[in-house]
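Whatever order the structure lists ligands and atoms in, that order sets their numbers, starting from 1. In this chain, residues are counted from 1 in sequence order. Computed over heavy atoms, backbone and side chain alike; hydrogens, waters and symmetry mates excluded.
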Amino acid sequence: MRRNEGELIKMRKAGLVVAEMHEKTRAAIRPGITTMDLNKVAAEVIERRGATSNFLGYHGFPAVICTSPNDMIVHGIPSDEIVLLEGDIISVDCGAIIEGYHGDAAYTAGVGEIDAESQRLLDVTERSLFAGIDQLSKGNRLHEVGRAVQDVAEAAGFTVVREYVGHAIGTAMHEQPQVPNYWPGSPGPTLKTGMVFAVEPMVNAGTPETMTIEDGWGVITADGKRSAHFEHTIAVTDHGPEIFTLP
Ligand code: MG
Ligand code: MG
């Protein structure tokens, strides 16, 4: 689906709300804070900016962000009982709707001081996201994104998750086509100006295999090793990729 300029203006606005959710939650991360505290910070941004949440109520999801610590890959439910500790890593996935248009972006941050290998996982995952974004130019094929992400992650000795992928985004958060973080064996659709995607590598320190916890939401690594997640919402433009979820 190609979005016209009027639609892209709304998606830019939604993206800026998500960017502020990132900024404010990042600033709040410290040892002793709970993941529910982060949810409150994010909810305040959504409300103040006149946006609505695309996460709250999504298939029954009970919060406005996903908070996934350490070996949790994605979809963690914020909780008063989950206290972040020095040395943890925490993935925070945020989304917002403005005038019917969606933004979606995630980051992983350290809590206090983290070990060097965890920092390397964060750095490589973020770098893999930007390698994927670099492929979002008109005339290129969509699945070059996944190839680029996978190349960066695997060259560093990490693995990419297969079961959860990026997606087109617009008037719904998850639109077709999907954007895998690996080479799927065929090049996918040709990119055109006005297409908008959420690219979101989930990179594991160990095995790419995943498991879902008892609450039916949280997805963890099968081997208990750490995982990182970075995501932006990006439009294909005549002048290359435009990231909507950066300030
Ligand atoms: Mg997301
Ligand atoms: Mg997404």
* Do His174 and Tyr58 have ring centroids that are under 6.0 Å from one another? -> yes

* Under 2.8 Å from the Mg ion (ligand 2), how many protein N/O/S atoms do you get? Just the number, please. => 4

* Structure fact -> With sequence neighbours left out, the residues meeting side chain to side chain donor-acceptor pair (under 3.5 Å) with Asn181 are none

* Is the His143-Tyr182 ring centre distance short of 6.0 angstrom? -> no

* Asked: Do His75 and Phe61 have ring centres separated by under 6.0 Å?
  -> no

* For Asn4, which residues count as a side-chain contact (heavy atoms from CB on, under 4.5 Å) partner, sequence neighbours excluded? -> Glu7

* Can you list every salt bridge (Lys or Arg N to Asp or Glu O under 4.0 Å) pair that touches residues 72-97, not counting sequence neighbours? -> none

